[in-house]
K.L.:
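Below are the structure tokens for one structure; questions will follow.
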Protein chains: 2
Amino acid sequence: MKRVSIKDIAKQLNISITSVSFVINGRAKEKNISDALTKKVLDLVAKLNYQPNTLATSLRTGKTRIIGFLVDDISEPFFSGIAKRIDEIASELGYKILFSSTRNDTTKAIELLQIFKDRHVDGYIMALPEGLEDEVKKLIATDAPVVLFDRYVQDVQADYVIINNKESTALATAHLIDNGYKNIAFITVDSVQLQMLDRLAGYEETIAKHQLHPFVKKINYSTSATTIKEMAEFFNANKNLDAVIFGANYITLDGLRTFRAMGMRIQKDLAVVSFDDFEILEFCDPPVTAIAQPLEAIAENIMKTLMEKLKQTSADKKYSEVVVPTIFNIRESSAKVKA
Amino acid sequence: MKRVSIKDIAKQLNISITSVSFVINGRAKEKNISDALTKKVLDLVAKLNYQPNTLATSLRTGKTRIIGFLVDDISEPFFSGIAKRIDEIASELGYKILFSSTRNDTTKAIELLQIFKDRHVDGYIMALPEGLEDEVKKLIATDAPVVLFDRYVQDVQADYVIINNKESTALATAHLIDNGYKNIAFITVDSVQLQMLDRLAGYEETIAKHQLHPFVKKINYSTSATTIKEMAEFFNANKNLDAVIFGANYITLDGLRTFRAMGMRIQKDLAVVSFDDFEILEFCDPPVTAIAQPLEAIAENIMKTLMEKLKQTSADKKYSEVVVPTIFNIRESSAKVKA
DNA sequence: CTGAAAGCGCTTACAG
DNA sequence: CTGAAAGCGCTTACAG
């Protein structure tokens, strides 16, 4: 059962493969192919269920309609949620996605990028892994369509889809202040990642504006165990705290573990706000207020940006930056302080 | 900056592309190519950083070294965990994975399968979606390498990687009985999926063996809200229950929601065991005992099975069935009944 | 031991 | 309005 090829179609109709190709690619009108012939071709294509060989098309055109997607860990809910939606949109547009996880291994990330190149992907979507800045700059220099998301790297000029980190933590901080909290801590990681610095800045500026005292703890992240220890020491050293904001999902997780280890009760002992929302927060007692990243909106903006990029010629090089607003889900963990 | 091709190598060395091709594909010895020439070729390949064009190779050989992976929802932790490990193994072996989510939509699933075919994937890995039985049977009939996992479909002859469902729930039930529980409920979905029936059977047989009374509730799954309602009614109608086993992760989630809605306390009011383990269970108060599916082992067995399948000729058609054992994580939610 | 050539299945510049 | 032919970059049967 051999697949039908364009040759079979041409032969059966006694015409050239050129004409068949034009009809199939919707260029019949443009190429002045008669309506009668066009119809005959389309009918036979339908009858034989002819599907062009994508490999041949790709070899000829250099386009694969495949997009490479590179993140730290595809099994993280944030990334897999985005991956799912991106894949859906891509499928609708006739594209497919190759997903890969770098596991925070720069060497591996470079290899994976090379694999994408070897596979002739048409475009790249990445949460830029550390150490890949130069590689990606080179890639962009070759006019490869690249869309970066999640993290912004000042040094790398590219199209970005990010969230409004600073405004989000500013809003969260103001919310806690409104609800009567005065000694609010911000726990983050000791990182130069811009999005983490922005989150911190949103907190610090709001605290300053209200003339409150800032309590910032920068965790030196390695394992969960050491993080819990660091957090416990911080909480013990600052007994006057009445609220805490955790700067990212994994920090929140270890924060909750610290609560458990120290026998601290959410809200009753310390109000809690989490940057990043996830299912566990709904099951906490009481449920935890969170800044949610809108996965679908992020995914849709990534694809929109990339599709525009794919249409562009290298002449009009211009980088876009889409800022997607987060959603603030207020739950009981940040409830008003009782008078 | 054009890519170097096999022609460039041949031209620079004044030899035929045939020889270059043989050397590159490691068939120099077999083809009696002199060591001197082999070395010259390899040196130039290294110097020019020549990478064969995968598209041309694929067109010529019909092999793409791409594998299609089809599941309900790639953003579910179970699937994304497996996807991650599969992708890693595949990358090491020179394969790439195309992931897709069917979203429980049969029409879409058939389309996605067609896309895989159009892309000439070398093999398929699927948690068989409902309604795709016939399509997959046809696919297998064409000798396409197909590995199914997660769910077993009696009607579909194929290679399978599954877990020991029945033994797992039998063990969990025995554990509860050992710990002094007598009125143990099993909550599952009203489904003909074999793995769900096996889980139920493991419970029922163990209950019968100990001459206890079975309490089985089959949820007519639609939304979370209706499920919670059904569960609440079931709990209210069986006030004598002292333990419950939830038959799958999403059932556990709605079970925990029901606990919350009814103000029931885990273990104190009702002991709990979950089929499937996930992060939330660690954060429950007290933490919930769970049957964990070993994602890595499942992924590794899937890839092993598939790679063997890819080596096989259509002559030796034989289907394998790998049963991966689950891991029983005992936590406080099933603690011994106090005397 | 090595090479010329056909062919995988397309697209497209060119010719008429 | 339509077609013959080159070529994308490989692999491999065949010849010598």
Side-chain angles (χ1 to χ4, degrees), chain A residues 1-42 44-45 48-66 94 117-122, chain B residues 1-42 44-45 48-66 94 117-122:
Chain A
M1 200 181 80
K2 224 173 128 290
R3 269 179 80 108
V4 279
S5 79
I6 196 168
K7 241 191 240 170
D8 302 322
I9 307 274
K11 202 172 287 172
Q12 287 201 34
L13 293 176
N14 250 314
I15 58 174
S16 75
I17 59 169
T18 308
S19 302
V20 179
S21 175
F22 286 149
V23 171
I24 287 165
N25 291 307
R27 301 174 60 192
K29 280 266 178 297
E30 170 194 340
K31 291 293 174 178
N32 289 319
I33 294 182
S34 69
D35 288 355
L37 186 56
T38 303
K39 185 171 173 348
K40 276 210 289 192
V41 172
L42 291 178
L44 189 58
V45 162
L48 299 183
N49 192 24
Y50 166 69
Q51 304 276 8
N53 184 319
T54 51
L55 298 171
T57 308
S58 292
L59 176 59
R60 191 48 237 243
T61 61
K63 301 289 170 206
T64 53
R65 298 187 83 81
I66 289 182
K117 280 188 220 160
D118 287 348
R119 295 277 183 180
H120 292 85
V121 300
D122 288 350
Chain B
M1 198 182 78
K2 222 173 130 289
R3 268 180 82 106
V4 279
S5 79
I6 195 168
K7 243 191 239 167
D8 302 323
I9 307 275
K11 202 171 285 169
Q12 288 201 35
L13 293 176
N14 250 314
I15 58 173
S16 75
I17 60 170
T18 307
S19 303
V20 179
S21 175
F22 286 148
V23 171
I24 287 166
N25 291 307
R27 302 175 60 193
K29 280 268 177 294
E30 168 194 346
K31 291 292 174 182
N32 290 318
I33 295 183
S34 69
D35 287 356
L37 185 57
T38 302
K39 185 170 172 355
K40 277 209 291 191
V41 172
L42 291 178
L44 189 58
V45 162
L48 298 182
N49 191 24
Y50 166 69
Q51 303 277 7
N53 183 318
T54 52
L55 298 172
T57 307
S58 293
L59 176 59
R60 190 47 236 242
T61 62
K63 301 290 169 207
T64 52
R65 297 186 85 80
I66 289 181
K117 281 188 221 163
D118 288 348
R119 294 280 184 177
H120 293 84
V121 299
D122 288 349

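We name chains A, B, ... by the order of the sequence lines, and we start the count at 1 in each one.
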K.L.:
Between D:dT2 atom C1' and A:K40 atom NZ, what is the distance in whole Å?
P.N.:
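Those two atoms, NZ and C1', are 13 Å apart.
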
K.L.:
Heavy atoms from C-beta onward define the side chain here; which of C:dC10, D:dC10, C:dG3 lies closest to that of A:S5?
P.N.:
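Nearest nucleotide to the side chain: C:dC10.
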
K.L.:
If you take all heavy atoms of B:R119 and A:R65, which pair is closest and at what distance?
P.N.:
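Minimum heavy-atom separation between B:R119 and A:R65: NH2-O, 3.0 Å.
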
K.L.:
Which residue pairs satisfy the side-chain hydrogen bond (donor to acceptor under 3.5 Å, both in side chains) criterion with at least one member in residues 50-63 of chain B, sequence neighbours excluded?
P.N.:
none

K.L.:
For DNA chain D, write out the stems as range with range, using runs of 3 or more consecutive Watson-Crick or G-U pairs with both distances under 3.5 Å.
P.N.:
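Correct response: C:1-3 with D:14-16, C:5-12 with D:5-12, C:14-16 with D:1-3.
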
K.L.:
Taking only the P atom of each, what is the distance from D:dC1 to C:dT12 in whole angstrom?
P.N.:
22 Å

K.L.:
Starting at atom CG of A:N14, determine the distance to atom C1' of D:dA4, rounded to an integer number of angstrom.
P.N.:
15 Å

K.L.:
Give me the residues of residues 49-57 of chain A where at least one heavy atom lies under 4.0 Å from an atom of DNA chain D, by number, or none.
P.N.:
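Of all residues in residues 49-57 of chain A, none places a heavy atom under 4.0 Å from DNA chain D.
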
K.L.:
Hey, does B:L59 reach any base, or is it just sugar-phosphate, or nothing, if we go heavy atoms under 4.0 Å?
P.N.:
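Result for B:L59 = base.
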
K.L.:
So does B:K117 have more than 12 non-hydrogen atoms from other groups sitting under 6.0 Å from NZ?
P.N.:
yes

K.L.:
Could you give the NE2-to-C1' distance, from A:H120 to D:dC8, as a whole number of Å?
P.N.:
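The distance from NE2 of A:H120 to C1' of D:dC8 comes to 10 Å, rounded to the nearest Å.
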
K.L.:
What's the CG-P distance between B:L37 and C:dC1, to the nearest Å?
P.N.:
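From B:L37 CG to C:dC1 P: 11 Å.
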
K.L.:
What's the closest nucleotide to the A:K7 side chain, out of D:dC8, C:dC8, C:dT2?
P.N.:
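Of all the options, the side chain of A:K7 is nearest to C:dC8.
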
K.L.:
When you compare the side chain of B:I15 with that of B:V41, does any pair of heavy atoms fall below 4.5 Å?
P.N.:
yes

K.L.:
For B:T64, give me all partners under side chain to side chain donor-acceptor pair (under 3.5 Å), at least two apart in sequence or on another chain.
P.N.:
B:D122

K.L.:
Any salt bridge (charged side-chain N to carboxylate O under 4.0 Å, His left out) pairs touching residues 18-27 of chain A, not counting sequence neighbours?
P.N.:
A:R27-A:E30

K.L.:
List every contact pair, protein side and nucleotides 12-16 of chain C side both N or O, where the distance is under 3.5 Å.
P.N.:
residue, atom, partner, partner atom, Å
C:dT12, OP2, A:R27, NH1, 3.0
C:dT12, O4, A:T18, OG1, 3.3

K.L.:
Can you tell me the distance, in whole Å, between the CD atom of B:E30 and the P atom of D:dT11?
P.N.:
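From B:E30 CD to D:dT11 P: 13 Å.
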
K.L.:
Mind checking salt bridge (Lys or Arg N to Asp or Glu O under 4.0 Å) for A:K39 and listing every partner two or more places apart, or none if nothing turns up?
P.N.:
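A:K39: salt bridge (Lys or Arg N to Asp or Glu O under 4.0 Å) contacts with A:D43.
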
K.L.:
CD1 of A:I6 versus P of C:dG9: gap in Å, rounded?
P.N.:
11 Å

K.L.:
Between atom CG in B:D8 and atom P in D:dC8, what is the gap in whole Å?
P.N.:
11 Å

K.L.:
Could you give the distance from NZ (A:K40) to CD1 (A:I33), rounded to the nearest 0.5 Å?
P.N.:
12.5 Å

K.L.:
Could you tabulate the donor-acceptor pairs under 3.5 Å formed by side-chain atoms of residues 17-24 of chain B, not counting sequence neighbours?
P.N.:
residue, atom, partner, partner atom, Å
B:S19, OG, B:S16, OG, 3.3
B:S21, OG, B:N25, ND2, 3.4

K.L.:
Distance check, rounded to the nearest 0.5 Å: B:L48 atom CG versus B:D8 atom CG?
P.N.:
8.0 Å

K.L.:
A:K29: which residues meet the salt bridge (Lys or Arg N to Asp or Glu O under 4.0 Å) condition with it, sequence neighbours left out?
P.N.:
A:D35

